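See below for the structure under consideration.
Quick caveat, the model's predicted, so the values are computed rather than measured. Lettering follows sequence order; numbering is per chain, from 1.
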Amino acid sequence: MSQLKSNKKFKWALDFNPKNKSQTSEIPSPPGYSQSTAVSNAESSKDTDSNLLLIKKLWDVALGPLKQVPMNLFIMYMAGNSISIFPIMMVGMLIVRPVKALFSTQGTFKMVEGTQAAGQKFVYIIGNIVNILLALYKCQSMGLLPTHSSDWLAFEEPILKAEHIGGGFSML
Amino acid sequence: MNVKERGASRKAAGREVRQASGKTAASEKPRAKGGGCCNRRCKRAAAATPHRASLHTCIHTHTNKHSDLRYCTAYTVHSTSSSIHYKNFVFVTDTQLKRLFILVTGRRQTYVGRIKFAQFDTVSTAKKIIVATEENVLAALHLKTGEIVWRHVFESDSSGNIRLLHVGDKITTVTGDNPYLVRGWDSATGVLMSEWSLTMQDGSRAEFSEFWVQNGLLVHMVPIYHSHIEVTMYNLMTGSNRGATSKLPASWIDPGQVISICLFTAPYYTCVSRDTPSRMLLSINVTSNPIQVIRRSLSSIMQGAPGHLRALDGNSVIPGLIVEDKKIVLFKNNDFKVLNTDVPHYIASATVADTARGPVVMQIQSSRGYHLIAHTLSGELVPEVHSPDSFYDIEEPELLAVTCARDQLACRLLMNTVDEAVHLVQQGGVILWSREESLANIKSVEFVDLPVSEADAALESEFDQKEGSVWWSFVRRLQSQVQQLQVLVERLRSGEVLEQGPASLHRDYFNLHRIMVLVTEAGKIFGMDNLSGSLVWNLYLPTLSGARTILTRRAARHPHTAMITIVGTHADTGNGYIVTLDPITGRIVPEHTVQLDLGILQCMTLQETGDDQLRALVILDEDEAVQVYPPSAASLVHNVHMYVADPDTAIVKGYAIRYNGREVVSERTWSSYLGGSRLARIVSVSSRSRLERVRSPGRALADRSVLYKYSNPNLVLFVLEKTDPTHKDVVVSVVLDAVTGAVVGASSHRRARALPLAVHADNCFAYMYRSDKHRRVEIATMELYEGKDRWSPAGEPFSSSASWRAPVVERQAYILPALPTAAAFTITERSLTDRHVLLGLSSGGVVEVPWSFLEARRGAVGEESVLPYLPELPLPAERVLSYNLTLPRLAALHTSPAGLESTSLMLATGLDLFYTRVAPSRTFDLLKDDFDYYLITIVLAALVLATYGTKYLASRKTLKMAWK
């Protein structure tokens, strides 16, 4: 416990009283180290590499939903059209995941700036919509969508009478 | 649980109840012997219900001497209509067991019909009254209670007609009509002891034959007019003939010329001669050996007597006659003996009974209240046997039987009344018991809602008032709450339990408690409580006769009382007779009770009501004119149509009833001869029940499209029977639109005879016929469909005159493995529940058949919602609603919706009355009877406690953590 506490202390504590502030600055540079060249080099490489990497990474994210489509198709095929707990769970996941992703698009692409941001977002949204459509198709083939007239039968108005009849055998 | 299993468990349960009652009786002995809790019997349920392990009954007897309570463990009874599941320990008394049985099976009341002959059975130890009735029933009634000890129901036609009842050490009956059946019965158990038949050679004289028992021999007498009297004697047990038939010469018997009237009072055959100057009373004792004719002139008995005779009633110990409803003439020592005492009134009934003071003539009448007087044969008044001036409701009594004690003057009189009630009266005038035998012949039944209680009515009226400001409604709210509080306090103070006693005729929460208004053939109208089966009121209308129908004019709704109208014909004039009653109290509403000057062709009530919530009565009289009661409602008549079917000519006429601004007129709009080229007869007519509502406009198919029903509310099903040159008899069913007269559907069955059973609900039709070709009963069904598209836009009222398209008619027929005598559809409040057809069978059971077994689309290809077609219709024993009860001569089934959607109320009428509740889709809207309220409450309370406890503990823990 005490160990943990001390660790915590080291992790989060800020020491406002550095005992050897002067010592750190007084350490000489190692031999062969040129401060000016290092700075300029780092500047240029960082600018190109990290940008490319980010774009690549973001394209990965944007294309992610589309890449899931074949997998989803396979799952859908495997799940079958019977209505039981596992296919229903799968269909639920198929719908819920892209919807959630669509709502969190802004968060996913928060740090993106640049020329390809609009395209990436567009592809990402398209991918999710494709997934939703796939899920809906699955629901349709499972018969879960109220698309038939019998699904609305309970809401149809009962028949009312316009005429009233009475009678039977002659009572004479 | 599927249908089969459920039924099986129900049947097993029914058996269990009986086993249980048997066990209680059986366990009497060990209880008396042993000291402690001694006898424990367990019975596992039938192996047919392996899935229900708890279905067993254990009866323990307990040594409580003061009460006959019995412990019954794990008492499980299941049925489609109600499910009773008593776990743990239930105290069961015999009466409770009976009540439980009633709860499961329904309630039955047994009747015998109007009593024809009755005799006191004084020979056997258990005192009984043996009766034979006009319903061809032989029964033994308990002397103390009037309950039926045993009963035999004979054939309903003339072959079951009881001609003689003789009670000796065993009971002898002669039934039938050449051949006669002579049967001997054990009086204690009703077991048949002997039977032999007697056939007359000359069948034409059979109707004049008379039977009686004399000296242990059955005597059969036939008068042969103009010639002789044949007398034959038979051994009662074996039927062996003692010697040949003796022929007594009596050429003077010829009704018509010489003799005006003849009468038989065993063993004397008496006639009145026709010759006017000296009318003679001629009598002959047909069993005496030297034949001797006794004569006496009528004028010596009574001056100016035209010669009207009637026999003494009620098994008179001395044979006798009443001449001119005035003088009593007895046969004594082969001579006439005219009594000094006169018959006081022409409707008075007289008999001679053996008492401690010798034979006594007893006379009863009810011209001014029930009155009983007795005289000895010498004319002295017997003061002990009399009735005080009482005002009993005994209408025109007729003595059936009299029994008197040997040692003292104490007599009991069994009497029949003109309203078909039977009373056993003590000589002092005390009615020991009464039986309303007119209930064996019910013509018409109506279930009537009870009025809501005062508190509910106040609440209703409170919300009815729309006008007034917010403050006024607040004040009204406060007022009604004060009222409710007062009612509560009063109830608590008086300790009255809610909904008990006959006084609380108030609507219950589920509207299960009703008054059944029963109109009988005799003209007596009853109000019967459907839960207890007790008669709440009765009303005798001697002049009401003919075909009768009951129409509800108004349901009880505060502040109006309920009103029903009985439309019939007047017995004297044959004209229309309209009686309006309050069905809760049985009081006649005089202003709505009318005797018409004309006969009634048909009648109906209007759908719309006036300001007083009263539905007007529309009557089409024999001149095809229309009368509306009350006349002020004439302006409400619009879009009203009537049809009248003549059963014998098969002509159906349709009328449009219109209000032309001044009066209501009828116009014949169509007329249809349903028979075709041949003579036809309409056997039955069925139109949609007034209580029926159609909820769903169609049904879903397997491909998830909708097949729309042709729910025309104006359809009427006619079932006809006509002769055909090639196929002998043909049954034709026609579905007509009663507004336009258009034939919507029809079908015919060759070589068949129709049964008068047809039912119709929604778009479903069913009728039954006997197939002569295959010698079996078949049930044919029809269903009408519009197709995959709805013809009219949703919400538009259906009008027959506007529809021009013909529906699709689906037809199917099934073999019924029983003979039905009554049929009805179950009706529920909103028609969401399945529909079942209830069939009353000649075997005495009421069976429910789901419509899915009968539907005309059964066997449709590619339909998974309908069953595959099988011609044989299963009638499994577990679908019998009446369980082991046999209901002889089931005549009709009446259904009514309860306030619960799942439940339909059913009354079966016939010789017996049987009431039960039917739940076609099981009681889905009710908690099961075994619902464990205690467990649920305890679990809920524990959960709430645990929630708060853990919340407290959690907060304490976080606080502790924070301090660390």
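Under a 3.5 Å cut-off, the side chain of A:S150 and the backbone N or O of B:R704 do form a donor-acceptor pair. In this structure, B:Q602 contributes its side chain and A:F169 its backbone to a donor-acceptor pair below 3.5 Å.
Proximity to chain A is limited to the backbone of B:V694, based on heavy atoms less than 4.5 angstrom apart. Using a 4.5 Å cut-off between heavy atoms, B:L707 makes no contact with chain A at all. For a residue to count as touching a neighbouring chain, one of its non-hydrogen atoms must lie under 4.5 Å from one of that chain's; by this rule B:S696 touches chain A with the side chain only. Interface remark: B:Y655 contributes no atoms to any contact with chain A (heavy atom separation under 4.5 Å). The part of B:D703 that comes within reach of chain A is its backbone (N, CA, C, O), which places non-hydrogen atoms under 4.5 angstrom from that chain. For B:T605, no part sits under 4.5 Å from any heavy atom of chain A, backbone or side chain. In this structure, the portion of B:R699 lying under 4.5 Å from any heavy atom of chain A is its backbone and not its side chain. Proximity to chain A is absent for every atom of B:V618, based on heavy atoms less than 4.5 angstrom apart.
Ranked by heavy-atom pairs under 4.5 Å with chain B, the list A:H148, A:K161, A:E157 is led by A:H148. Interface summary for chain A: among B:I600, B:V640, B:V685, the most heavy-atom pairs under 4.5 angstrom belong to B:I600. Most heavy-atom pairs under 4.5 Å with chain A, from the set B:P697, B:S792, B:A700: that is B:P697.
Within a 6.0 Å radius of CZ in B:R830, no more than 12 heavy atoms belonging to other residues, nucleotides or ligands are found. Under a cut-off of 6.0 angstrom, the local environment of OH in B:Y673 is crowded, with over 12 non-hydrogen atoms contributed by other residues, nucleotides or ligands. Environment of NZ in A:K100: sparse, with no more than 12 heavy atoms of neighbouring residues, nucleotides or ligands closer than 6.0 Å.
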>> Let's go through B:N712 and A:I159 carefully: what are the C-alpha distance in whole Å and the side-chain angles of both, what is the deciding distance for side-chain contact (heavy atoms from CB on, under 4.5 Å) to 0.1 Å, and is it a yes or a no?
In response: CA-CA 8 Å; B:N712 182 346; A:I159 290 158; over 6 Å; no
>> Show, in sequence, the C-alpha distance, side-chain angles and deciding distance for B:R790 and A:E156, and conclude whether the side-chain contact (heavy atoms from CB on, under 4.5 Å) test is met.
In response: CA-CA 11 Å; B:R790 195 164 175 170; A:E156 282 197 42; 2.6 Å; yes
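B:N639 and A:A162 get closest at one heavy-atom pair: ND2-O, 3.2 Å. Scanning both residues, B:P713 and A:I165, for their nearest heavy atoms gives O-CD1, 4.2 Å.
Separation of atoms CZ (B:F798) and CG (A:L160) is listed at 12.0 Å; rounding is to 0.5 Å. Here OG of A:S149 is found 5.5 Å from OH of B:Y708. Values are rounded to the nearest 0.5 Å.
Proximity of B:V567 to A:M171: side-chain heavy atoms (C-beta onward) are separated by under 4.5 Å at one or more points. Looking at B:D646 and A:L172, their side chains never come closer than 4.5 Å, going by heavy atoms from C-beta outward.
No hydrogens or angles considered: a donor-acceptor pair under 3.5 Å links the side chains of A:E163 and B:S799.
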